[in-house]
Colleague: 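Have a look at the structure that comes next, please.
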2 protein chains.
Amino acid sequence: MAQEAVSEKAGAPVSDADRVADRLRQAIVAGEFAPRQRLIESDLIEMFGASRGAVRSALAVLAVEGLVERIRNRGARVRAVDLEEALEIVEIRAALESLCARRAAERVDEEGASRLRGIAEVMRRAVGEHDAEGYSEANRALHQAVLDISGARVAPDIVSRLRAQNVRYRIRLAMQPHRPAESLPEHLEIVEAICAQDPGRAAEAMQAHLRSVHRATKEYFTEARG
Amino acid sequence: MAQEAVSEKAGAPVSDADRVADRLRQAIVAGEFAPRQRLIESDLIEMFGASRGAVRSALAVLAVEGLVERIRNRGARVRAVDLEEALEIVEIRAALESLCARRAAERVDEEGASRLRGIAEVMRRAVGEHDAEGYSEANRALHQAVLDISGARVAPDIVSRLRAQNVRYRIRLAMQPHRPAESLPEHLEIVEAICAQDPGRAAEAMQAHLRSVHRATKEYFTEARG
DNA sequence: GTGAACAACATTGTTTACAATAATGCTTGC
DNA sequence: GCAAGCATTATTGTAAACAATGTTGTTCAC
């Protein structure tokens, strides 16, 4: 009997539908499709060289993930995330990622610690050189590393999906001139706490960091936009 | 332009694929399909009177939700949830539901309070009459009420999906003779804290309750099964 | 009797064509 | 000039056929 655990996350795409879903997800997260933009099936077929059924399954999947919305007989479009929802997502991430940070501190080994320290070094350099793009990428890498090191199986999936939903906000956040310098010490504290194998401190550090993200997001969108 | 917000959750099913997904999800959660049971497309077509494409999209959706797993050219089957994962799910629910309990305490109105008190009354009666089935249903209703009253939009969706995944464990838990009497005071504390509009107390009460669920789940499956 | 090669079957993956629905633009009457 | 009704077009929803793959059972050599 085939007893090997088959994860639909980890493994290679299983069908054309999965490939289309992956590429379309990436495109939406990267901002290649604007919020509320219509996603015409025939366009996607041509764009991805896939069949109708594959595209439709992919759209169904992305609808569940909250990246697109579908209306009967009117097709699919990129779902827009409003401020209220973006803030709630940050709150949820705070709860889940602090849980993962705690577990990461409990389980971290030398390999994980050096991975974290490496990312911390990249962050310090990026702040020094005012490299917003590099800092943003290191930020993503750090959060992902914590999820990986935690060894959790469910929470990382959920967090990944949530991140995909408010990545558009975060990108802008990291592009704020003062923001990297502001969040750097928070990130360093997370790394130190996990490397020190202090679960409580790691959880608190992650929560504090995401409280800061929450506040910054709120301020940016209530001040700059009204 | 059509500006109305269309939620794929709240609204009626949008296509045959959604209808199939809903019914299949319900059947899996209700235990009509056993874990690891194969889900043959032709069977589902006959069972639900839907087309091939609808069934395949539904399977893709349920795979994302974690209820089924698919292997290329070998089809889909009901995914089995092991103890480790069930425990992690309870941990995540603790984090998310305590967050919702906090918000519920902040926002609760008279209607919500009486809804909670009504459920509490049903729970007391069920324990008195040793009505395990009734208690289990009231338990579900209470957790759902907290999510509803919280007014949150994202967390309830996630929690619902997580509950769907470990409902098989929870059912057995509520059927343990001593379990309802054990969890009743925890549930009553949640209700009281929210009705008293005490956010911190509500969050702590929910967390304490799910810690208890976590411990009970662990004990049940390590003692009874080995 | 056992194991390997092979053939028949079951099932899934993909493509195509057809039907139904909503959006769009045009005509016509006023 | 404008609005209502109608025809057209664009797009999605559904169904059926075809191809590819994995599984199972059988045969045959040893």
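As the structure is a prediction and not an experimental result, all values here were calculated from the model. Proteins come first, then strands; the chains are lettered A, B, ... in the order of their sequence lines, and each starts at number 1.
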Colleague: Would you mind reporting whether B/M206 and B/L99 have side-chain heavy atoms less than 4.5 Å apart?
Modeller: no
Colleague: Please identify each residue that fulfils salt bridge (Lys or Arg N to Asp or Glu O under 4.0 Å) with B/E137, with sequence neighbours left out.
Modeller: B/R140
Colleague: Tell me the interatomic distance from A/E41, atom CD, to D/dA10, atom C1', rounded to whole angstroms.
Modeller: 12 Å
Colleague: Below 4.0 angstrom from OP1 or OP2 of C/dA10, is there any side-chain N or O of B/R74?
Modeller: no
Colleague: Return the nearest nucleotide to the side chain of A/I40; candidates are C/dG13, D/dT11, C/dT11.
Modeller: D/dT11
Colleague: Looking at residues 44-54 of chain B, who's got a heavy atom less than 4.0 Å off DNA chain D?
Modeller: B/S51, B/R52
Colleague: At under 4.0 Å, does any side-chain N or O of A/R56 touch on OP1 or OP2 of D/dG13?
Modeller: yes
Colleague: Of the nucleotides D/dA15, C/dT14, D/dT12, which has the atom closest to the B/D16 side chain?
Modeller: D/dA15
Colleague: Without decimals, in angstroms, what is the distance between B/D18 CG and D/dT14 P?
Modeller: 9 Å
Colleague: Please walk me through it: do B/R72 and A/D18 pass side chain to side chain contact (heavy atoms under 4.5 Å, CB included)?
Modeller: CA-CA 11 Å; B/R72 168 142 196 133; A/D18 291 292; over 6 Å; no
Colleague: Measure the shortest side-chain to side-chain distance between B/I92 and B/I89 over non-hydrogen atoms and say whether it is less than 4.5 angstrom.
Modeller: no
Colleague: Nearest to the side chain of A/N73, which nucleotide is it out of C/dT11, C/dA22, D/dT14?
Modeller: C/dA22
Colleague: Tell me: CZ of A/R70 to P of C/dT21, nearest whole Å?
Modeller: 17 Å
Colleague: Send over the distance from B/R38 CZ to C/dT11 C1', rounded to a whole Å.
Modeller: 7 Å
Colleague: Could you tell me whether the side chain of B/D16 reaches within less than 4.5 Å of the side chain of B/R19, counting heavy atoms only?
Modeller: yes
Colleague: Across the strands shown, which category fits A/L59 at heavy-atom distances under 4.0 angstrom: base, sugar-phosphate, nothing?
Modeller: nothing
Colleague: Rounded off to whole Å, could you give me the CG-to-P distance for the A/D43 and D/dT11 pair?
Modeller: 7 Å
Colleague: State, yes or no, whether a side-chain contact exists between B/C100 and B/H143 at a heavy-atom distance under 4.5 Å.
Modeller: no
Colleague: Mind checking whether A/Y135 and A/H187 have parallel, tilted or perpendicular rings, split at 30° and 60°?
Modeller: tilted
